[in-house]
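So the structure is just underneath, and the comments pick up after that.
Position 1 is the first residue of the sequence; numbering continues from there.
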Amino acid sequence: MSMIEPEIAKLLEIEGVDSRFTLCAIVSKRARQLTDELFFAEKDCKDVMDKKLVLPHGKAVDEAVYELYDHEIQFTSAAAAE
């Protein structure tokens, strides 16, 4: 068992992910979106005492990786968009 689940090799097999750079760009963009969503959701909960929200897989990057692996993220590569 590796320390990284799912393995990077499996993530690189996803259609449209042609390199580690593309993989990093997709995951980091989604992680930023998740972080912003959590920030604004917590900000809107002004009346709640313990308003710390959590993601199912812990951190935003982990959640983004699992969303990509489970095909929950839709993206278009720049080459395909032309």
Side-chain angles (χ1 to χ4, degrees):
M1 183 162 122
S2 72
M3 295 180 62
I4 300 172
E5 291 291 333
E7 295 179 13
I8 292 175
K10 291 181 182 178
L11 294 171
L12 290 172
E13 293 173 359
I14 296 173
E15 185 177 345
V17 179
D18 57 355
S19 66
R20 289 179 184 232
F21 177 81
T22 303
L23 176 63
C24 182
I26 294 166
V27 169
S28 64
K29 182 174 182 176
R30 179 61 181 145
R32 284 191 302 272
Q33 290 173 343
L34 289 168
T35 302
D36 289 345
E37 289 173 9
L38 283 178
F39 173 77
F40 289 115
E42 289 176 357
K43 189 176 178 182
D44 290 340
C45 298
K46 295 176 185 173
D47 300 332
V48 180
M49 294 298 288
D50 183 21
K51 60 181 180 180
K52 187 68 177 167
L53 302 174
V54 293
L55 296 168
H57 292 99
K59 297 186 178 188
V61 172
D62 295 337
E63 185 67 24
V65 167
Y66 278 100
E67 285 182 4
L68 178 65
Y69 186 69
D70 294 336
H71 302 288
E72 296 175 6
I73 299 175
Q74 296 183 8
F75 61 92
T76 306
S77 64
E82 294 177 347

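Within the 4.5 Å cutoff, no side-chain heavy atoms of L23 are placed close to those of I14.
Rounding to the nearest 0.5 angstrom, the gap separating the OG1 atom in T35 from the CD atom in E63 is 11.0 Å. Expressed to the nearest 0.5 Å, how far CD1 of I8 lies from SG of C24 amounts to 10.0 Å.
The two residues A64 and I73 make their nearest non-hydrogen contact at O-CD1, 3.5 Å. Between F75 and E15, the shortest heavy-atom distance links the atoms CZ-O, 3.5 Å. Scanning both residues, R20 and L12, for their nearest heavy atoms gives N-CD2, 3.9 Å. Taking each heavy atom of A31 and A60 in turn, the nearest pair found is O-CB, 3.6 Å.
In this view, E72 satisfies the side-chain hydrogen bond (donor to acceptor under 3.5 Å, both in side chains) rule with no residue, not counting sequence neighbours.
Residues Y66 and L34 do not share a hydrophobic cluster, clusters being chains of Ile/Leu/Val/Met/Phe/Trp/Tyr side chains in contact below 4.5 Å.
Results of the side-chain contact (heavy atoms from CB on, under 4.5 Å) test with V27 over T22, V61, V17 single out V61 as the only residue that passes.
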